Structures are given as C-alpha cells and as structure tokens.
Visitor: 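Below: one structure in structure tokens.
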Protein chains: 2
Amino acid sequence: MNTRRAQILDAAAMLISRQGFSATSVEDVIRESGLSGKSHFYHYFRSKEELGYEVLDRQFERFAERGLAILREPMIDPLERLHLFIDALVAAQAERGCQGGSPFGSLAAELADAHEGFRQRIALVFERWANQIQSLLWEARPYLVEDVDSGRLSRFIIATLEGALLMSRVKRDISVLEGIAIDLKRFVGMHVREQARQAQAA
Amino acid sequence: MNTRRAQILDAAAMLISRQGFSATSVEDVIRESGLSGKSHFYHYFRSKEELGYEVLDRQFERFAERGLAILREPMIDPLERLHLFIDALVAAQAERGCQGGSPFGSLAAELADAHEGFRQRIALVFERWANQIQSLLWEARPYLVEDVDSGRLSRFIIATLEGALLMSRVKRDISVLEGIAIDLKRFVGMHVREQARQAQAA
DNA sequence: TGACATTAGGACCGATCGGTCCTAATGTGT
DNA sequence: ACACATTAGGACCGATCGGTCCTAATGTCA
C-alpha cells in the first residue's frame with residue numbers, strides 16, 4: 001500500500017533531518033516506522049539511496065506547500081510576503097528548539113562533496129527556491145530601485161537564511177536567527193524606492 | 001615525536017574537511033598519514049573523538065592565523081580590512097574548486113545535533129570569529145551610523161558567508177559566492193555614515 | 001653492552017552497516 | 001475453495017567500523 005511507503009518516508013524524513021543521512025541506519029527507519037525487518041523495508045525501497053532521494057523530494061514538496069506558498073499568496077504585498085516567509089522560517093526553527101535546521105542545508109553539507117546524485121538534487125532544490133524569491137522580487141519591481149539584480153539577491157537571501165539556521169542550531173539560540181532575520185529584512189528594504197518607502201510608512 | 005602527531009592531524013584535517021568526520025575512518029587517516037596500523041594510531045590518540053577535537057582546534061588556529069589575521073591588520077582601514085577578509089574567503093573557495101567549504105560549517109551541520117562536545121566547540125569557534133568582526137566594527141565606529149548593533153551585524157556577516165560557502169559548494173559555482181560577497185559588502189556599506197562615504201569616494 | 005621507554009607492526013574483537021534469500025502469512029478476485 | 005500477488009518475518013552475508021592486545025623494532029642514556 002501507499003500508506004506504508006508514506007509512513008516509512010515520514011519516519012525517515014524525521015530521522016534524517018535529526019541525525020543526517022549516513023547516521024540514520026536502515027534499521028533505525030525500520031524501528032521508527034514499525035516494520036518487521038530488513039526485507040520488509042527492501043520490499044518498498046530498492047536501496048537506502050532511493051529512500052534518501054524520495055525523502056528529499058518529499059521534504060521539498062512539503063516545503064513548497066507550507067513554506068514557499070507564502071511567497072505566492074496573491075492578496076498580500078510582495079515584500080510583505082517575503083517578510084512573512086522569513087518569519088515563518090524563524091518560527092519553525094523556534095518550534096524545533098533550534099535542532100535540525102533546514103532539511104536541505106544539513107543534507108547539503110553532508111553529501112554535497114560525497115555523493116554526486118544528492119548534490120545535484122539539492123542544487124535543484126536551492127534553484128527552485130531561488131526562483132520563487134526571484135519572481136516575487138520581479139513582482140515587486142515597481143517598488144524597487146532600478147538596478148536590483150534579483151537573481152543575486154534571491155541567492156543572498158537563501159544563503160543568509162541557511163547560514164543563520166545553521167548558526168542558531170550550533171548555538172542553540174533562536175535569538176541569533178531572529179537578529180539575522182531583522183538585518184536581512186533591512187537589507188531587502190535597502191532596495192525599496194524612496195517614494196515607495198514613504199507610501200509604505202503612510 | 002610531535003611531528004608524527006602533526007602529520008596525522010594534517011592528514012585528518014584534509015580528509016575530514018573533504019568527507020566529513022563520520023565518513024572519515026581511522027583507517028583512512030592511517031593510510032593518508034603513512035602509519036603502520038591501528039595501534040600505531042592509537043599510540044598517539046586516545047580515540048577518534050580526541051582526534052576530531054584536536055583537528056578542530058588546529059583548523060581554527062590556522063584560520064585565525066591566515067584568515068582572521070586580516071581583520072587585525074593595523075595599517076589598513078577597518079572596513080577595507082573586512083572587504084579583504086571576504087575576498088580572501090572567496091579566493092580560498094575558488095582555489096578548492098568549490099569543494100569542502102568552511103571546515104567549521106560542514107562539521108557544524110554534521111555534528112551539531114549528534115554530538116554535544118563538538119557542538120559546544122564549534123559554537124565557540126563561531127563566537128571567537130564573531131568577536132573579531134565585532135571589534136573591527138567597534139574600531140570602525142567613527143565611520144558608521146550610530147545605531148549599529150555590531151554583535152548582530154557580525155553574526156549576520158558570518159551566517160551569510162557560511163551559507164554562501166555552502167551554496168557555492170552545492171552548485172559548484174564560485175560565482176554564487178562572488179555575487180553574495182558583493183551584496184554583503186553593500187550591506188555593510190549601508191551602515192557607513194553619509195559624510196564618511198563622501199570622504200571615501202574622494 | 002645492558003636496561004628501558006618510545007615507536008612500529010599486525011592479528012584480532014564485537015558491533016553495526018547495507019543488502020539478500022527464503023519462507024510464512026494475508027489479502028483478493030474467481 | 002482455489003490460485004496468485006502482495007505483505008510480513010527472520011536468518012544470514014560480507015564488509016567495515018572503532019578499538020584492544022601482544023609483540024617486535026628502535027632509539028637513548030648509563
């Protein structure tokens with residue numbers, strides 16, 4: 001059944017985001033998802049690698065639904081949406097008690113150099129994420145100064161968020177992330193036209 | 001002898017920065033450093049964990065000597081020094097072919113949640129790094145606007161650099177890091193007083 | 001040359017890893 | 001009741017992991 005696969009995927013996603021991919025054994029996944037044994041697992045997945053790929057896909061889907069969706073909300077001012085998105089990331093990290101961070105960042109650091117398949121998939125995740133922000137910036141273009149490099153800025157935003165997630169995780173201190181989020185919003189605000197800024201203040 | 005230990009530490013540092021800590025086996029280190037066998041290694045180190053701690057210490061020392069030293073150069077304008085430091089990080093990553101990234105960021109992502117001892121040590125590394133930047137910003141205070149939160153800004157800088165290092169590693173594209181470095185400098189420049197900016201342009 | 005600490009060498013251990021093989025239970029449609 | 005695919009269960013495999021034990025070399029000072 002498909003529910004069994006989903007169960008395994010959920011359990012694996014949790015374990016991998018908490019312990020990393022290599023540190024999560026197939027037996028951990030079996031225990032967590034209530035399977036009976038090795039071959040029960042290998043009935044649903046051809047290998048641990050395949051499991052990892054699917055977990056990554058699933059994580060991105062969820063992130064797209066629950067996170068990136070904020071960036072696409074049609075009724076809200078684009079820059080306001082970006083702020084909401086950042087706030088949502090901060091809130092999520094606070095909920096996790098600063099553990100686990102971005103599921104992509106951790107995987108990226110662990111596997112980028114060691115496993116080409118994962119590297120490419122994670123690169124794609126970052127690219128799609130950047131594209132979402134870029135199109136938001138494009139939408140906000142009337143409010144922004146003329147020479148904004150939206151591609152570069154979108155990558156900057158993601159890099160800062162990923163770095164901040166990592167740092168708050170290492171320090172186990174959400175205020176680190178909160179402070180960086182404030183500065184990040186200020187940096188984005190730096191690209192807002194003077195007249196638009198006055199309109200927003202009004 | 002001390003040279004033997006240093007040899008092992010160097011070999012281990014290279015392997016760990018390329019493969020991660022868990023993925024680097026004691027036998028890898030033995031092979032790379034030309035030891036004869038297990039007990040030869042365990043003659044110099046009590047455990048793999050102890051090796052990891054000493055490698056981290058050594059990496060930070062080197063980073064402090066070769067990297068952070070730039071932040072302390074007495075004859076150069078403080079903000080100029082910060083730019084040089086950022087450029088040096090970018091150049092180092094380009095030299096590595098975008099592989100490996102920051103030795104701390106990778107370790108942080110791998111071990112922050114899994115190993116409390118490493119987590120604390122890496123947190124200390126980030127703290128010392130941030131302190132260096134903070135005291136540079138303090139030195140640059142005359143040129144900066146009044147309400148700069150130098151602690152928060154220094155953490156912002158490090159987070160952005162770490163995130164950018166990770167991203168350029170995943171994409172295997174140095175231009176990602178270069179672009180973010182440009183924006184990061186612009187953000188720092190945002191805190192420069194209007195009159196100081198005019199003086200700098202002259 | 002002899003005594004003794006340091007360094008080197010290699011066999012070996014228990015645990016765990018990802019993965020396979022074969023069989024038993026449980027549907028499900030006829 | 002039948003056949004047949006799906007799902008479940010568990011023993012087992014070779015490889016690798018971190019780490020130990022015991023024994024040779026190799027200094028190094030008297």
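These values consider heavy atoms only, across backbone and side chains, with no hydrogens, waters or symmetry-generated copies. Quick note on labels: first sequence line is chain A, next is B, and so on, each numbered from 1. A quick note: this is a predicted structure, and the numbers were derived from the prediction, not measured.
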Visitor: Round to the nearest Å and state the distance from A/Glu27 atom CD to C/dA15 atom P.
Guide: 14 Å
Visitor: Counting only side-chain heavy atoms from C-beta out, which of C/dG18, D/dC21, C/dT6 sits nearest to B/His43?
Guide: C/dT6
Visitor: Tell me if the centroids of the rings in B/Phe187 and A/Phe156 come within less than 6.0 Å of each other.
Guide: no
Visitor: Roughly how many Å is it from CZ in B/Phe21 to C1' in D/dG18, rounded to a whole number?
Guide: 10 Å
Visitor: Can you confirm if the NZ or CZ of B/Arg121 lies within 45° of the ring axis of B/Tyr53 and under 6.0 Å from the centre of its six-membered ring?
Guide: yes
Visitor: Decide yes or no, distance alone: a donor-acceptor N/O pair under 3.5 angstrom between the base of D/dG19 and the side-chain of B/Lys48.
Guide: no
Visitor: Hey, is the side chain of B/Arg4 poking within less than 4.0 Å of OP1 or OP2 on C/dA8, counting only N and O atoms?
Guide: yes
Visitor: Under a 3.5 Å cut-off for both distances, is D/dA8 Watson-Crick or wobble paired, and to whom?
Guide: C/dT23
Visitor: Is the distance between the ring centroids of A/Phe63 and A/Trp129 under 6.0 Å?
Guide: yes
Visitor: Please pick, from C/dG9, C/dG19, D/dT7, the nucleotide with the shortest atom-to-atom distance to any side-chain atom of B/His40.
Guide: C/dG9
Visitor: When you match B/Gly34 and A/Ala23 each to their closest nucleotide on DNA chain C, which lands nearer the 5' end?
Guide: B/Gly34
Visitor: For B/Tyr42 and D/dC22, what is the distance between atoms OH and P respectively, to the nearest whole Å?
Guide: 18 Å
Visitor: Less than 4.0 angstrom from a charged side-chain N to a carboxylate O is my criterion; do A/Arg18 and B/Asp113 meet it?
Guide: no
Visitor: Give a yes or no on whether a donor-acceptor pair under 3.5 Å exists between the nucleobase atoms of C/dG9, that is its base, and the side chain of B/Lys38.
Guide: no
Visitor: Salt-bridge test for A/Arg155 and A/Asp149: reply yes if a basic N is under 4.0 Å from a carboxylate O, no otherwise.
Guide: no
Visitor: Considering only C/dG18, D/dA8, D/dT20, which nucleotide approaches the side chain of A/Ser36 most closely?
Guide: D/dA8
Visitor: Would you mind reading off the distance between B/Ile8 atom CD1 and C/dT7 atom P, rounded to a whole angstrom?
Guide: 11 Å
Visitor: Starting from C1' on C/dG9, measure out to CZ on B/Phe41 and report it in whole angstrom.
Guide: 16 Å
Visitor: Just the rounded figure in Å: distance from C1' of C/dC17 to CD1 of A/Ile30.
Guide: 12 Å
